[in-house]
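Quick note: residue numbers are just sequence positions, from 1. Everything quoted here is computed from the prediction, not taken from an experiment.
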Amino acid sequence: MSLTARANKKVRHPGSVILSALTIFAAVTTFALLLFLIVYILVKGIPYLTPDLFSLEYTSDNVSLMPSLINTFIMTVVSLAIAAPLGIFAAIFLVEYAGKGNKFVGLIRITAETLSGIPSIVYGLFGMLFFVTTLKWGMSLLAGACTLVIMVLPLIMRTSEEALKAVPDSYREASFGLGAGKLRTIFTIVLPSAVPGILAGVILAIGRIIGETAALLYTAGTVAAVPSNLMGSGRTLALHMYVLSSEGLHMNQASATAVVIMIFVLVINGLSGMIAKRIAKG
């Protein structure tokens, strides 16, 4: 259809013109806000990315973010190592094994949606009461990671479930027709086809893990050092930025930390996208 024909059609239907204008306005506004946010963070933070900020040890003079960067990486890996398999396998059960109309499945879905809407401070208080106090783990990376697992598990489970549902049933039927069993069909046909959608959920989970502060404030602690093991306390990048900004003494370094957080998230998301494309091609 030519542009003239489209324009004439919209003139005949004023509602189409209004909806098109609202869609374009929403898209432009979203892009402008995102661009403004990125430029603002870069302008405020880049001038203060000094070598002292990347020292291996934190002091009150250099306020190095390197220990927090390492802790963030450890926290992300540990949290995903627990949450990703649990969430994906739970989604496989819900989609491939649980019968349609199952009340237990409905209860699980409602529970997951409810957990997704709980404020992070509530997770932090639960983690402090259960992992830190009851299990006597103290303020530690492990307590923080387990709290984050509970936070991101519903997100990974729901996105993985939707990705598995999006795989056409013809794939499963073709595999069964060739004599493959259900388990082999799931792991060789269904899961590889759903990898892009599953990784999208994992990427969202990574973003929440990296940006979390309230939950970790009560579970992982704010020690500016890399612990010798997971039972030691340590702050992440987001907590590091929060502490610096709350003190009000190192606002420039807090802005520089925001730049590092943004770059860290972009790098992880880029690597996840590359992995998804390679798995999909394979």
Side-chain angles (χ1 to χ4, degrees), residues 30 75-124 126-127 130-131 144-178 180-212 215 265 268-282:
T30 303
M75 189 77 71
T76 303
V77 171
V78 174
S79 300
L80 288 181
I82 301 173
L86 288 177
I88 294 172
F89 289 150
I92 291 174
F93 169 77
L94 294 176
V95 176
E96 303 294 337
Y97 288 98
K100 293 183 179 180
N102 191 315
K103 293 183 179 180
F104 178 66
V105 172
L107 179 62
I108 292 176
R109 287 173 179 157
I110 292 175
T111 304
E113 292 172 359
T114 303
L115 288 174
S116 299
I118 295 177
S120 58
I121 187 68
V122 177
Y123 285 105
F126 168 79
F130 183 70
F131 298 117
C146 289
T147 304
L148 291 176
V149 166
I150 301 173
M151 291 180 63
V152 302
L153 186 59
L155 175 62
I156 295 176
M157 188 179 73
R158 291 296 290 161
T159 52
S160 300
E161 184 182 358
E162 294 302 323
L164 292 170
K165 284 181 179 179
V167 178
D169 289 335
S170 58
Y171 287 18
R172 299 174 177 85
E173 293 168 359
S175 179
F176 294 149
L178 293 173
K182 190 174 185 65
L183 192 63
R184 185 169 184 178
T185 298
I186 291 172
F187 283 94
T188 59
I189 303 297
V190 179
L191 269 182
S193 302
V195 160
I198 293 174
L199 277 183
V202 172
I203 290 172
L204 292 174
I206 290 173
R208 185 164 188 183
I209 290 170
I210 295 174
E212 188 54 51
V265 171
I268 290 181
N269 289 355
L271 291 175
S272 301
M274 291 174 58
I275 293 172
K277 287 181 180 178
R278 288 194 175 186
I279 293 177
K281 289 180 179 177

Exercise: identify the closest heavy-atom pair between R172 and L164: NH2-O, 3.0 Å

Step-by-step side chain to side chain contact (heavy atoms under 4.5 Å, CB included) determination, V190 to T185: CA-CA 6 Å; V190 179; T185 298; 4.3 Å; yes

Validation row: F131, I150 side chains within 4.5 angstrom (heavy atoms): yes

E96 CD to K182 NZ distance, which is reported to the nearest 0.5 Å: 5.0 Å

Worked check of side chain to side chain contact (heavy atoms under 4.5 Å, CB included) between I189 and F176: CA-CA 11 Å; I189 303 297; F176 294 149; over 6 Å; no

Test log, rule side chain to side chain contact (heavy atoms under 4.5 Å, CB included), inputs M157 and I108: CA-CA 10 Å; M157 188 179 73; I108 292 176; 4.0 Å; yes

Exercise: identify the closest heavy-atom pair between S116 and P154: OG-CB, 3.4 Å

Worked check of side chain to side chain contact (heavy atoms under 4.5 Å, CB included) between I156 and L204: CA-CA 8 Å; I156 295 176; L204 292 174; over 6 Å; no

Atom pair OG1 (T76) and CD1 (I206), whose distance is rounded to the nearest 0.5 Å: 7.0 Å

Atom pair CG (L178) and CZ (R184), whose distance is rounded to the nearest 0.5 Å: 10.0 Å

Distance, nearest 0.5 Å, that separates CG of L153 from CG of L86: 6.0 Å

Closest non-hydrogen atom pair, P196 against P192: CD-O, 4.2 Å

Where G201 and T159 come nearest, the two heavy atoms and their spacing: CA-OG1, 3.3 Å

Evaluation steps, salt bridge (Lys or Arg N to Asp or Glu O under 4.0 Å), between K165 and E161: CA-CA 6 Å; K165 284 181 179 179; E161 184 182 358; 3.5 Å; yes

Approximate separation, where rounding is to 0.5 Å, of L183 CG and T188 OG1: 9.0 Å

Contact check, side chains of L115 and Y123, non-hydrogen atoms, under 4.5 Å: yes

Rounded distance (nearest 0.5 Å) linking atom CD1 of I209 with atom OG1 of T147: 11.5 Å

Close side-chain approach of L191 and V195, heavy atoms under 4.5 Å: no

Over all atoms of both residues, closest heavy-atom pair of V167 and S193: CG2-CB, 4.0 Å

Polar side-chain atom of T111 near backbone of L107 as donor-acceptor pair, under 3.5 Å: yes

